[in-house]
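Below is one structure, written out as structure tokens; comments come after it.
When reading the values below, keep in mind they use all heavy atoms of this one structure, side chains included, and skip hydrogens, waters and symmetry mates. Quick note on labels: first sequence line is chain A, next is B, and so on, each numbered from 1.
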Protein chains: 2
Amino acid sequence: MAGKIGAAEIGAKKMALKKIVERQTGVALWRQIADRIRLSISNGDYDATGMVPPEMTLAREFGVNRHTVRSALAALAEEGLVRALQGRGTMIERKDRVSYPISRRTRFSQGLGRQVKEIATRLLGHAEVPASGEIAAALAVSPGSLLIELRTVSSGDGRPLSTSVSYYPADRFPRMVEEYSRLGSVTKAFAAQGLDDYVRVSTELVARHADADELSLLKLSPGAIVMEAQSVNADLDGKPVEFSRTRFAADRMKLRIET
Amino acid sequence: MAGKIGAAEIGAKKMALKKIVERQTGVALWRQIADRIRLSISNGDYDATGMVPPEMTLAREFGVNRHTVRSALAALAEEGLVRALQGRGTMIERKDRVSYPISRRTRFSQGLGRQVKEIATRLLGHAEVPASGEIAAALAVSPGSLLIELRTVSSGDGRPLSTSVSYYPADRFPRMVEEYSRLGSVTKAFAAQGLDDYVRVSTELVARHADADELSLLKLSPGAIVMEAQSVNADLDGKPVEFSRTRFAADRMKLRIET
DNA sequence: TATAGTTGTCTAGATCAATAGACATTTTGG
DNA sequence: CCAAAATGTCTATTGATCTAGACAACTATA
């Protein structure tokens, strides 16, 4: 099984163009197809024409009925990604996923840069909660000590991109809520409380289907995927200052890891 | 909408315990529930007992019929994650996702460390292909110049974790296939061709539903999610030496980004 | 102005997903 | 030993998904 395939490979590669989807999976065919077309759009596969291939062509490629492809395209139209024009074809309206950089100095609003004109972060709510085991460990505080919890959702040009739950040690950052509300930025709220700089020390990523809560917060077409990042930021002495759990709308974002 | 919710928050948090799932989404309820239980298991939510809650309890929490929960548990049993024992309950067989570190010096086999006893990478095939636009740009070679393509699938303790397609400039690494087949490692194959060290310069991540190809390569229960990482490695002069596209089985892996 | 190619709409039937209820089987604990 | 609690199995019904085919409406082009 090692590397003596060579010539036979060419054939195998052509097969791969058949864009197969699987049945009886718990994920409807129209949704799998919508996912794949979305990916093709964002990969620029259709840039030559600016159009999605005709429904009959897609149906043949995916090996499904034309109506199934129509369901997929309807979902993408609902997202505003494509627009169908009777008699002409289906036009691509929007192409790129927003690329979000994760680095040692990750700051939410900065990285998005020129990709979106307007970034809005809305504070959904806050609370003062005792540290649970996992979070206490991540923040290096004793379990049960008080934390400030902030819940936010962020949008780019009106489209929700991510939603976060963040925790801060209440003793060190007692005015977190007020400062964040006033300044609209975690970085500035930290600065207002005497912390000038901080760095990302760890990020863990998983991907899964969105639950109903995330669907509504991120205005996702249901059944969508979220990428969940658990991250810890620390001050320059290595003392953790923030634990947060951010869920990104997977079909609107790609994460770029910078090293 | 800014931070004057406070007390009302506590109620909202309790509501969140209701583990809601959405209907008519193109993703079957049993699959959404399977995803959520899998996440709960890997988060350690059931560590106290080592058991998944009873079917009736889960059905109540998710607001669905017991049979729907049974479908979800059947899928998890199929994955080998849980085992049902009549009269007793449903036992957790395996807990953790494998954590895969992505850093400036990412090396596949090293990072997995003690998490898996045995790592096996199988060469699926190879080919010599002209560089397409995107890949040529990433590798900083002229479009159409020859690349060596390697396709592999990697498993930990017999469970497929990821599948990769990688490209190397054919002029610089003409013996890539032979050396890789002989040594079983990209790092060693590079060394055998005079490249002693290399670093990760970029990684881009997206998440989506797996296609049939990935389902069969990764032996995924259909409808599963993959995380796709496009990465570029370069030598210490910054000259790109490898472009690769790795798809991770999202329900078996978490990615840890180290900065 | 035909004609081919495209999306839009409708109907009918087959299969999958989910609910509902009843009862069997097995284990645990009083 | 008995009762409670858990999983296993079966039947029946409803709604969502997918297929199949036919035709209408619209667009571009020869």
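The shortest distance between the side-chain N/O atoms of A:Arg70 and the OP1/OP2 oxygens of C:dT7 is not below 4.0 Å.
A:Leu73 places its CG atom 16 Å from the C1' atom of D:dC18, with the value rounded to the nearest Å. Atom-to-atom, CH2 of B:Trp30 to P of D:dA16 comes out at 19 Å; the value is rounded to the nearest Å. One can place CE of B:Met91 at 17 Å from P of D:dA6, the figure rounded to the nearest angstrom. The distance between atom CG of B:Asn65 and atom P of D:dT13, rounded to the nearest whole Å, is 16 Å. Rounded to whole Å, atom P of D:dC18 lies 8 Å from atom CD1 of A:Ile33. Taking atom CG on B:Leu85 and atom C1' on D:dA5, their separation rounds to 14 Å, with Å as the unit. In this structure, CD of A:Gln32 is placed 14 Å from P of C:dC16, rounded to the nearest angstrom. A:Met51 places its CE atom 11 Å from the C1' atom of C:dT7, with the value rounded to the nearest Å.
Along DNA chain D, the nucleotide nearest to A:Arg88 and the one nearest to A:Thr68 differ in position, and the one closer to the 5' end is contacted by A:Thr68. Mapping B:Met56 and A:Val64 onto DNA chain D by nearest heavy atom places B:Met56 at the nucleotide closer to the 5' end.
Note: B:Glu55 CD to B:Arg60 CZ = 12.0 Å, rounded to the nearest 0.5 Å. The CG atom of B:Asp211 sits 7.5 Å away from the CZ atom of B:Arg247 when rounded to the nearest 0.5 Å.
When all heavy atoms of A:Gly144 and A:Pro130 are compared, the pair lying nearest together is O-CB, 3.6 Å. Scanning both residues, A:Val27 and A:Gln32, for their nearest heavy atoms gives O-NE2, 3.0 Å.
Between the side chain of A:His67 and the base of D:dG21 there is at least one donor-acceptor pair of N/O atoms closer than 3.5 Å. Between the side chain of B:Glu55 and the base of D:dT7, no donor-acceptor pair of N or O atoms lies under 3.5 Å. With hydrogens and angles ignored, no donor-acceptor pair closer than 3.5 Å exists between the side chain of A:Arg66 and the base of D:dG21. The base of D:dA25 is paired with the side chain of A:Gln86 by a donor and an acceptor separated by under 3.5 Å.
In summary, the side chains of B:Ser231 and B:Thr203 do not present any donor paired with an acceptor at a separation below 3.5 Å, with no hydrogens or angles considered.
Within 4.0 Å (heavy atoms only), B:Ser71 reaches no atom of the nucleic acid at all.
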